[in-house]
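Chain identifiers are assigned alphabetically (A, B, ...) following the order of the sequence lines, protein sequences preceding nucleic acid strands; residue numbering begins at 1 within each chain.
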Amino acid sequence: MTHADTTDPTVPAPYDPATVETRWQQRWAERGTNTVDLDGAPNPFYALMMFPYPSAEGLHVGNLFAFTGSDISARFRRQQGYQVFQPLGYDAFGIHSENYALKIGAHPMELTPKNIANFQRQLERAGLMVDWSAKVDTSHADYYKWTQWVFLQLYKQGLAYKKAAAVNWCPTDKTVLANEQVENGLCERCGTAVEQRFLEQWFFKISSYAERLLNNLDSLDWSTITKQAQRNWIGRSQGAEVVFPVDAHDVTVRVFTTRADTIFGATYLVLAPEHPLVDAVTVDEQRVAVQAYQDVTQRQDVIARKSVKHKTGVFTGAYAIHPATGARIPIWIADYVLMEYGTGAIMAVPGHDERDFEFARAFGLPIVRVVAGAEHDASTPFGDAAYTDDAGGRLVNSAQFDGLPVIDAKTKVTRWLEDHKHASAVINYRLHDWCISRQRYWGPPIPIIYCDACGTVPVPESQLPVELPFIPDFKPDDSGVSPLARHEEWARVPCPTCGKPARRETDVSDTFLDSAWYFLRYPSATNSTVPFDAARTKKWLPVNSYIGGNEHAVLHLLYSRFVTMVLHDGGHIAFDEPFTRFRAHGMIIRDGAKMSKSKGNVINPDVYMEEWGADAFRMYLMFLGPYEEGGDFRDQGISGVRRFLDRLWATVRDLSTEGAPDIDVMRKQHRTIKKVGEDSGSLAYNTAIAAMMEYLNVVRRGDRTAHRDEVLPLVQMVAAYAPHLAEECWAALGHSRSVFDAGWPTLDPTMLVDDEVELVVQVNGKVRGKLRVAVDVTQDAALAAAMADEGVARFLVGEVRKVIFVPKRLLNVVVG
RNA sequence: ACCCGGAUGGCGAAACUGGCAGACGCGAGGGACUUAAAAUCCCUUGGCCGCAAGGCUGUGUGGGUUCAAGCCCCACUCCGGGUACCA
C-alpha cells in the first residue's frame, strides 16, 4: 500500500478505514498529537467529559455517543487555536463493580483492571483526542489517597459529622443508600423495596451550602433543564414557622408553612407519628390508639409510607391554642406529615390544601374558607376539592385581613404573627445532608480512627492513603457493618494521637465522593505529592466545557459544586464553581425503545467500528439526531454517512490542481465554513454534517472534477468528525503536520454576499411566483417586477390594499 | 399531581428573530453501467385532483392574533424525562 507521506501526493483507492485508522492512531501516539503542554500552554482550554464506570460489558454505544460529541467539541476548539486538554479516566469504585464481581464470583480488585483494559482498547479504537498520560482510576491508591484527603478537608472545616440516622437500607445489596439512590422507595440498582434502619453514618453538611448552590446557578452557562433540576432538588421554600401553644401543657408545637396567609383557616394540627412531642401531649384515653398507629408507621417501609393513598391518622386527645383566634384546635398524628421536612408538624388548612382537605373529609374535621376567588364569597361552600389557587384570591373570614389579596396577605400576616411573637419568617430546603458512609468493601476507607481516650481522630494526612486491603470475603452481610470490620488485623491500629490501641472506621465512602473532585486531579494526575498542583490548577481550571448525561444533573453535578465550594473556602482553590459551561447530551434509543440487555437491542460498538470504521460510526452517531436530544439508532442509516466518506475520499483522490476553482462552488464553500463553524461550536453536529454533505454534493455536481482549493477546507471541516480520514487526506494533499494544527479554514465574508437573490412573491399570503432580483431592490421596483410576472398578475384581481416587503426574502401583495 | 422537554413525509430529521415547510440522510420506485449481481451514477418520491399547464391541501386536536403561524397566545390530547403526601 502506498503511503500518504511519500512524495507522491495521491490517496490510495479505495477507502479502507481499518488501515487508515490503525495508521493514524499509531502516529498520534508516536507524535504525541493528543498531549498538551500542561505547564506552557498559552491559550488553555479544558474540555471534560463525564468519565465512565468501566463495566464488564464494555463500552456502551451511549458512552461512545457522549464521548464523540465531546471529542468533536474539543477538536473544534483546538482548530480554533486553543491548546485543548481532554483527559479521560475511570470511575472504578462502587457498588456496580462490586455487585458484578459477586455475581460472577470474581474479586473486584482483579476484575477492575481487566475491565479498564478492555475499555481502554475500545476507546482507543474510537479515535478520541484524549490525553491518556493524564488518566485517573478512582480505585487506585494513587487516586483515593486524595479522595481521603478531600474527606479530611471537610472534616477539618467542620462539614463532616457522624450521627445515628434512619437510613435507607437495601436488603438485597445489603447496604445503605443515599436518598438520591432511592427511586419511589425502591433501590435504584436492584429494585428491591428499601427499608429503614438506624445506623451511625458520616454526613457532609451540604445543606449549609444550599443558598449558595442555588444562587450561583444564575451565573452558570448550563442548560436550563439542568439548572432547573438542581433548583427543584434544592427545593427552597420561603415561609414561616408558627408557634402553637398546647392547651394544658407547658409545650409548644412549631409548624412550618408557606401559607401563613391562611392561618385563620387552620382548624387542627398534625404531627408526624415519630414527632418527639407525641408522647408528651397524648391523653391517656388515646394512648393505646396512638401507639398502635406509631407502630404501624414505623414498621412500614418507605414505599408504603410515601406512596399516595387514602389518609390515615389518630387524634391525640390534645388541643392547641390558635395564635390568631385563641380557639382550641385538635392535635392529630398522621403519616402524611413527614418528620424529615420542615418541623415535622403542620397546621392543617383543609380549605386550601388538598391533603388537609382529604384528611378533614375523612375524619369529619371542620373546613373553613379563608380565601375567596372572584366567583366566591365568604360563605361559598366547597365542592369536592380544596381551593388552592393563590394568585387571584382575597382573604375572607380572616378578621382584620379580610379583603387582602393573597400575595399581600402572605407578608402582612407573617409580619403580624412575628410582631406578636407567634411566628418567625424562615426558609426551608428540601436538600438534606449528604450521607457518604457505605457498609461496603469496594470504596476508599473513610480515614478516621476511633480511640477510647482521644475519641474520633482523623488519620493524619502524612499517613494517607488508608489502603483498602485485599480480602477474599468482601461480600456484605446484613449485620450492618462493613466487610472490613471483620478483619481485625486491618481495623486495629494505634491511635495517631496517643498511640494506644484504637480502631479504624470500617465504612468506605460513597462513589459520588470519588467523582466529586476528579476534574481537579487530571492536570496533576502524575503528581504524587499533592492532590492538585497550584500552578496547573490555576492554568486549567475551572473546566471550560463539561459534557455529560443529564442523569447526573442533580447528584454528581451538585456534589462536585459543593466540594469545589468547600475547597475554595478552605483556601485550596481560587474558584468556587467547577464547570463554567455544562451541556447535557441526549440519549440514544434503538428502534424507538431504550436499549437494554433484556430487549436484546444493545449495540456493541466494536462490531460497527469493525464493519464501517470508527470515523463512519462516530459520524453516524452524530448525524442521527440533535446531540442534546439524542436519537434513534437504525442500522440502515449508517450507510449514508459511509457513502459520504467514500465520496470525499474519491474526490480528494481525483482532484485537479489546474486552473482556478469555480466561483459558485467557492461561494457555497464559505457559506459552509460559516455554518459548520457555528454548528460545531453549539453542538449542532447533525446539521453541521448535513451542511458538509450538501457542500460535497455541490463540489461533485454533474460528475465534475473538483479543484484542490474547493476540497482542502472541507477536509479541515470534517476533521473533528472523521479525524483519521481527514488526517490521511490532509497528508495526501501534501501536509506534514496534523490537520488539527492547521487551524480552521478562513472565512471570507465577501463571499457570503450575493448581488442577486430570489424574492418570493405572495398574493394574499400564497406563493404565486419567484423573482430573481438585485439584493438592494426597492419595494417599488420589486412590486413592478412582480406585476409584470404573468404567474403573479393573474391573481392580482381587485384593488391593491397593502404591500408587505421583506428585503431579500419576500413580497406579499394583499388584494381584494 | 407538579416541573421540564417533545409531537413535522414510509423512517431519522431540517427550518436563523413569525416570511418558500420537509434541507441532509435512509428507505422505496424508475433508469444507466454489467452476461448477471453487488458497488457506483442519474431521475422521481408529503397527500389529493389533473394528460398537462396548473390547482387544492398539509407540521398532534380545537380556537385566536397576524398581510403571513411548525414557530406567538388560550384550551386540550398523547409521548419522553425529572420530582413526588415538601406543608
Side-chain angles (χ1 to χ4, degrees), chain A residues 14 183-185 223-229 231-233 235-237 239 255-259 262 270 305-309 311 334-338 340-349 352-356 358-359 428-431 550-551 553-554 584 586-587 589 591-592 594 620 623-626 628-641 643-644 646-647 650 675 678 684 686-697 700 702-703 758-770 791 794 801-806 808-816:
Chain A
E183 285 173 1
N184 289 320
S223 3
T224 44
I225 11 158
T226 312
K227 289 202 214 182
Q228 196 52 45
R231 286 193 189 102
N232 292 342
W233 191 264
R236 181 185 200 269
S237 55
V255 305
F256 176 72
T257 180
T258 55
R259 292 296 304 273
T262 61
V270 189
R305 170 73 183 266
K306 290 206 172 171
S307 60
V308 185
K309 38 152 201 191
K311 296 283 179 285
D335 66 359
Y336 81 93
V337 175
L338 308 172
E340 67 264 24
Y341 186 78
T343 61
I346 62 155
M347 65 175 204
V349 184
H352 307 287
D353 180 280
E354 285 170 38
R355 295 152 300 175
D356 297 342
E358 206 186 313
F359 190 82
N428 234 300
Y429 299 93
R430 208 190 75 104
L431 182 68
N550 220 22
E551 69 273 19
V554 186
M587 234 181 38
I589 55 170
D591 301 323
K594 212 169 174 170
Y620 175 59
F623 186 58
L624 52 72
E628 294 182 72
E629 282 164 42
D632 196 345
F633 189 99
R634 278 163 207 270
D635 286 14
Q636 292 168 335
I638 194 167
S639 61
V641 169
R643 280 202 269 264
F644 165 73
D646 284 333
R647 277 198 290 265
K675 170 81 176 154
E678 286 166 357
N686 56 334
T687 48
I689 293 168
M692 290 188 273
M693 288 174 165
E694 214 177 314
Y695 177 60
L696 186 62
N697 290 344
R700 291 172 61 89
D703 213 19
E758 191 177 67
L759 191 71
V760 171
V761 182
Q762 297 181 334
V763 177
N764 291 343
K766 288 194 173 179
V767 180
R768 298 301 181 186
K770 291 168 189 182
R794 65 197 179 98
R801 289 167 184 265
K802 199 170 179 181
V803 177
I804 291 100
F805 179 63
V806 183
K808 290 187 233 180
R809 286 191 188 274
L810 116 168
L811 180 76
N812 185 11
V813 186
V814 185
V815 294

Under 3.5 Å donor-acceptor, [X] side chain and [Y] backbone:
X	Y	value
Y620(A)	R634(A)	yes
N812(A)	G765(A)	yes
T343(A)	A345(A)	yes
D353(A)	D356(A)	yes
R768(A)	Q762(A)	no

5' priority, RNA chain B, between S237(A) and Q228(A) [closest heavy atom]
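It is Q228(A), whose closest nucleotide lies nearer the 5' terminus.
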Of I225(A) and G344(A), the one whose closest RNA chain B nucleotide lies more 5'
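Whichever sits nearer the 5' end wins; that is I225(A).
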Would you indicate whether the side-chain heavy atoms of [Y] and [X] approach each other to under 4.5 Å?
X	Y	value
V813(A)	V815(A)	yes
V803(A)	V814(A)	no
L810(A)	V761(A)	no

Which listed nucleotide ([options]) is nearest to the side chain of [X]?
X	options	value
T257(A)	rA84(B), rC3(B), rA87(B)	rA87(B)
R430(A)	rG25(B), rC26(B), rC86(B)	rC86(B)
L810(A)	rG19(B), rA87(B), rC3(B)	rG19(B)
R643(A)	rC85(B), rC3(B), rG27(B)	rG27(B)
E758(A)	rC3(B), rC20(B), rA14(B)	rC20(B)
T687(A)	rC86(B), rC41(B), rA14(B)	rA14(B)
L338(A)	rC85(B), rG25(B), rG27(B)	rC85(B)

Taking the [atom1] atom in each of [N] and [M], what is the distance between them to the nearest angstrom?
N	M	atom1	answer
rU59(B)	rG22(B)	C1'	9 Å
rC43(B)	rU65(B)	P	45 Å
rG70(B)	rA14(B)	C1'	12 Å
rU66(B)	rC3(B)	P	30 Å
rC72(B)	rU17(B)	C1'	12 Å
rA13(B)	rG80(B)	P	15 Å
rG63(B)	rU44(B)	P	38 Å
rG50(B)	rG31(B)	P	25 Å

For atom [atom1] of [X] and atom [atom2] of [N], their distance in whole Å:
X	N	atom1	atom2	result
I589(A)	rC79(B)	CD1	C1'	11 Å
N232(A)	rC3(B)	CG	C1'	5 Å
E340(A)	rC85(B)	CD	C1'	11 Å
I638(A)	rG27(B)	CD1	C1'	16 Å
I346(A)	rC85(B)	CD1	C1'	9 Å
R231(A)	rA84(B)	CZ	P	18 Å
F633(A)	rA13(B)	CZ	P	14 Å
D356(A)	rA1(B)	CG	P	19 Å

Is it true that, when you exclude E354(A) itself, more than 12 heavy atoms of the residues, nucleotides or ligands shown sit nearer than 6.0 Å to its CD?
no
Plane angle bin for Y341(A) and F256(A) - parallel if under 30°, tilted between 30 and 60°, otherwise perpendicular
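Taking Y341(A) first and then F256(A), their aromatic rings stand perpendicular (interplane angle over 60°).
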Within 45° of the ring axis of F359(A) and under 6.0 Å from its six-membered ring centre, is that where the NZ or CZ of K311(A) lies?
no
Watson-Crick and G-U pairing of RNA chain B written in dot-bracket, each distance under 3.5 angstrom, with | for inter-strand partners
(((((((..(((......[....)))((((((.......))))))((((....))))..(((((..]....))))))))))))....
Taking every non-hydrogen atom, the tightest pair across [X] and [Y]:
X	Y	value
A690(A)	F623(A)	N-CE1, 4.1 Å
R700(A)	A650(A)	NH1-CB, 4.2 Å
N428(A)	G342(A)	ND2-CA, 3.6 Å
G344(A)	V337(A)	O-CG1, 3.5 Å

Just to verify, what does E758(A) make a side chain to side chain contact (heavy atoms under 4.5 Å, CB included) with, not counting sequence neighbours?
K770(A), R772(A)
May I ask you to verify if any side-chain N or O of N686(A) is less than 4.0 angstrom from the OP1 or OP2 atom of rA14(B)?
yes
Hey, is the side chain of R647(A) poking within less than 4.0 Å of OP1 or OP2 on rC41(B), counting only N and O atoms?
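For R647(A), the contact criterion (side-chain N or O under 4.0 Å from OP1 or OP2 of rC41(B)) is met.
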Pick one for rG9(B): is it syn, with its angle within 90° of 0, or anti?
syn
Once salt bridge (Lys or Arg N to Asp or Glu O under 4.0 Å) is applied, do any residues pair with R647(A), and if so which ones, sequence neighbours excluded?
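R647(A): no salt bridge (Lys or Arg N to Asp or Glu O under 4.0 Å) contacts found.
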Side-chain-base donor-acceptor pair under 3.5 Å for R809(A) and rC16(B):
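Between rC16(B) and R809(A), which were checked side chain against base, a qualifying N/O pair under 3.5 Å is present.
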Sugar-phosphate means primed atoms, P, OP1 and OP2; the rest is base. With that split, encode nucleotides 54-59 of chain B 5' to 3' as B, S or - using protein heavy atoms under 4.0 Å.
SSSS--
Treating primed atoms plus P, OP1 and OP2 as sugar-phosphate and everything else as base, which nucleotides of nucleotides 6-12 of chain B get B, S or - for protein heavy atoms under 4.0 Å?
-----SB
Protein-nucleic acid N or O pairs under 3.5 Å, nucleotides 66-73 of chain B:
{"from": "rC67(B)", "atom 1": "OP1", "to": "K802(A)", "atom 2": "NZ", "distance (Å)": "3.2"}
{"from": "rC67(B)", "atom 1": "O2'", "to": "N812(A)", "atom 2": "ND2", "distance (Å)": "3.4"}
{"from": "rC67(B)", "atom 1": "O2", "to": "N812(A)", "atom 2": "ND2", "distance (Å)": "2.6"}

Categorize N428(A) for me: base, sugar-phosphate, or nothing, with a 4.0 angstrom heavy-atom threshold over every strand shown.
nothing
